[in-house]
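These numbers come from a predicted model, not from an experiment. Only this structure's heavy atoms are used, side chains among them; waters, hydrogens and symmetry mates stay out. Residue numbers start from 1 in every chain, and the chains themselves are labelled A, B, ... in the order their sequence lines are given, proteins ahead of strands.
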Protein chains: 2
Amino acid sequence: MLDAAVKVFSRRGFHAASMDEIAEDAGISKPMVYAYLGTKEELFVACLHREGTRMMQAIAGAAAPDLPADERLWRGLKAFFGFVGAHRDGWAVLYRQARGEQPFAGELATMRARLVEVVAGMLDHALRAEGREIAAVDLEVVAYALVGATESLADWLADHPEADPEKTATRMMNVAWLGAAQLLHGVTWRPPAD
Amino acid sequence: MLDAAVKVFSRRGFHAASMDEIAEDAGISKPMVYAYLGTKEELFVACLHREGTRMMQAIAGAAAPDLPADERLWRGLKAFFGFVGAHRDGWAVLYRQARGEQPFAGELATMRARLVEVVAGMLDHALRAEGREIAAVDLEVVAYALVGATESLADWLADHPEADPEKTATRMMNVAWLGAAQLLHGVTWRPPAD
DNA sequence: GAGCATACCTACTCGTGCGTAGGGTTACGC
DNA sequence: GCGTAACCCTACGCACGAGTAGGTATGCTC
């Protein structure tokens with residue numbers, strides 16, 4: 001039943017999706033949808049929640065915290081892109097939708113914040129192992145950028161059905177890890193004096 | 001008048017924004033809005049278009065094509081974040097909105113495609129100068145990731161009014177350029193055999 | 001088989017907001 | 001002063017879709 005909702009929401013977008021269509025698609029009638037899952041908003045949140053949880057589990061399951069940073073990142077990315085590849089419409093539109101609609105942006109922001117935190121933690125851990133440190137804000141911003149790049153590639157992946165998730169993950173590693181590794185080794189870029 | 005529309009669209013989101021509110025905010029009445037700018041969709045597209053054009057101009061004006069790649073990237077980023085910083089609500093919500101709503105996603109995709117193309121062209125140019133080459137797809141994906149990371153930081157910037165655009169641009173360079181530079185020098189990351 | 005409950009449906013109400021019809025007001029020509 | 005034309009407004013029609021009321025069938029208890 002949630003599956004039907006996810007499908008319709010992704011096909012139409014939150015507003016354009018009608019409860020009638022969801023009901024029809026689920027093979028039941030509208031009052032049933034209301035009985036089981038409440039209002040349209042609640043239904044959407046339920047979808048978002050389920051997909052989000054699944055995704056987080058997929059990632060958390062793959063990236064064990066005792067691995068070295070690059071290995072963790074790689075496995076996390078692989079799991080992430082694998083998940084998106086397997087749930088293309090689920091991801092694409094739930095995610096894109098939720099981003100725009102104020103009532104749900106919060107829910108999503110929390111999810112992203114968790115991811116950012118994980119990535120930032122990972123970087124921080126790796127940095128300390130190298131005997132280095134950077135300001136928490138910088139760390140957060142870098143993590144944010146990495147997460148953003150990843151989300152962006154996920155969008156790309158969702159739009160390119162023929163693309164291979166693992167290959168995409170490799171490409172992401174090429175951008176992200178090589179850059180991050182530099183930072184870890186103390187190499188930084190500075191603006192020209194101009 | 002477009003200013004009013006942008007303001008309301010960003011405050012409310014596309015659907016929640018009512019034409020009445022836009023009209024009121026612009027200090028005129030609804031039929032006038034229709035007379036000048038047509039339907040709600042057309043109005044939104046007009047907003048999107050204007051903001052997009054302004055942004056592209058800001059970037060294009062800053063990143064002259066005859067500069068070296070890193071310098072171009074840096075100036076482009078500075079211009080971009082500067083623009084976002086100066087038009088926080090304009091950017092944030094128009095952009096986030098357009099992403100989700102199917103009728104406008106295309107418009108936005110075109111804009112992003114132009115950006116990706118520019119970035120990819122830049123990388124390609126730099127690569128050739130080093131006597132190297134990579135597949136066009138890889139190039140596109142890397143460019144896509146960079147653009148995505150940048151957009152993501154733009155979101156972050158829009159949500160943190162106290163943050164400094166130029167500093168954000170520097171942070172972005174730290175992630176993007178150090179990574180990209182590695183690629184340019186032929187350093188790549190490969191997945192472990194496992 | 002009568003009484004009852006559970007599961008579900010059809011068919012409605014009602015609010016909301018886009019787009020417009022038709023009327024008032026001011027300025028100008030004659 | 002009267003016609004008229006440009007301009008802008010108030011006030012409405014209308015469609016659409018969320019949420020619900022009230023009725024119907026199926027199965028279960030005694």
Side-chain angles (χ1 to χ4, degrees), chain A residues 1-51 89-90 92-108, chain B residues 1-51 89-90 92-108:
Chain A
M1 145 122 50
L2 274 177
D3 291 334
V6 169
K7 211 169 97 191
V8 175
F9 278 135
S10 30
R11 205 166 38 221
R12 304 276 186 219
F14 176 71
H15 280 282
S18 77
M19 291 300 263
D20 295 86
E21 187 175 355
I22 293 171
E24 189 182 354
D25 212 284
I28 57 177
S29 75
K30 202 156 50 131
M32 287 299 97
V33 179
Y34 279 90
Y36 288 130
L37 292 166
T39 71
K40 192 180 184 183
E41 280 204 6
E42 287 164 352
L43 174 58
F44 190 81
V45 170
C47 292
L48 196 57
H49 216 80
R50 192 189 61 166
E51 297 292 316
D89 35 318
V93 187
L94 275 187
Y95 197 85
R96 288 180 203 171
Q97 284 301 319
R99 224 182 146 108
E101 311 291 332
Q102 256 118 24
F104 314 121
E107 184 85 11
L108 192 67
Chain B
M1 144 120 53
L2 274 177
D3 291 333
V6 170
K7 211 169 98 191
V8 175
F9 278 135
S10 32
R11 205 166 40 222
R12 303 277 186 220
F14 176 71
H15 281 283
S18 76
M19 291 300 264
D20 295 87
E21 187 175 354
I22 292 170
E24 189 182 354
D25 213 283
I28 57 177
S29 76
K30 203 156 50 131
M32 286 301 96
V33 179
Y34 279 90
Y36 289 130
L37 292 166
T39 70
K40 193 182 184 183
E41 281 205 6
E42 288 165 351
L43 175 58
F44 190 80
V45 169
C47 292
L48 195 57
H49 215 81
R50 193 189 59 168
E51 297 291 316
D89 34 320
V93 186
L94 276 187
Y95 196 84
R96 288 182 204 170
Q97 286 300 318
R99 226 183 144 107
E101 312 291 332
Q102 257 118 25
F104 315 122
E107 185 85 10
L108 193 67

Does anything in residues 27-35 of chain A come within less than 4.0 Å of DNA chain C? Heavy atoms only, and list the residues if so.
Ile28(A), Ser29(A), Pro31(A), Met32(A)
By a strict heavy-atom criterion of less than 4.0 Å, which residues belonging to residues 7-18 of chain A are in contact with DNA chain D?
Ala17(A), Ser18(A)
Apply side chain to side chain donor-acceptor pair (under 3.5 Å) to Glu24(A) and list each qualifying residue two or more places apart in sequence or on a separate chain.
none
Pairs in or reaching into residues 27-36 of chain B: which pass side-chain hydrogen bond (donor to acceptor under 3.5 Å, both in side chains), with residues at least two apart or in two chains?
none
Show every salt bridge (Lys or Arg N to Asp or Glu O under 4.0 Å) that has at least one partner inside residues 1-10 of chain A, sequence neighbours left out.
Asp3(A)-Arg50(A), Lys7(A)-Asp25(A)
Measure the NZ-CD1 distance between Lys40(B) and Ile22(B) for me, rounded to the nearest 0.5 Å.
7.0 Å
Residues in side chain to side chain donor-acceptor pair (under 3.5 Å) contact with Glu101(A), at least two apart in sequence or another chain:
His15(A)
Ignoring hydrogens, what is the shortest heavy-atom contact between Ala17(B) and Phe9(B)? Give both atom names and the distance.
CB-CD2, 3.7 Å
Applying side-chain contact (heavy atoms from CB on, under 4.5 Å), name anything that partners Ile28(A), two or more places apart in sequence or on another chain.
Met1(A), Ala26(A), Met32(A), Val33(A)
Partners of Glu41(A) by side-chain contact (heavy atoms from CB on, under 4.5 Å), sequence neighbours excluded?
Phe14(A), Thr39(A), Pro103(A), Phe104(A)
5'-most to 3'-most nt of DNA chain C touching chain A (<4.0 Å, heavy-atom partner on protein side) reads dC8(C) to dT10(C)
For a 4.0 angstrom threshold against heavy atoms of chain A, report the outermost contacting nucleotides of DNA chain D in 5' to 3' order.
dA18(D) to dA21(D)
Under a 4.0 Å heavy-atom cut-off, which of residues 36-43 of chain A touch DNA chain D?
Thr39(A), Lys40(A)
Partners passing side-chain contact (heavy atoms from CB on, under 4.5 Å) against Ala46(A) (at least two apart in sequence or in another chain):
Leu2(A)
Go through Val6(B) and Glu51(B) one step at a time and tell me if the side chain to side chain contact (heavy atoms under 4.5 Å, CB included) criterion holds.
CA-CA 9 Å; Val6(B) 170; Glu51(B) 297 291 316; 4.0 Å; yes
Working to the nearest 0.5 angstrom, can you tell me the gap between His49(B) NE2 and Glu107(B) CD?
5.5 Å
Show your working on side chain to side chain contact (heavy atoms under 4.5 Å, CB included) between Leu108(B) and Arg99(B) and close with a plain yes or no.
CA-CA 7 Å; Leu108(B) 193 67; Arg99(B) 226 183 144 107; 4.1 Å; yes
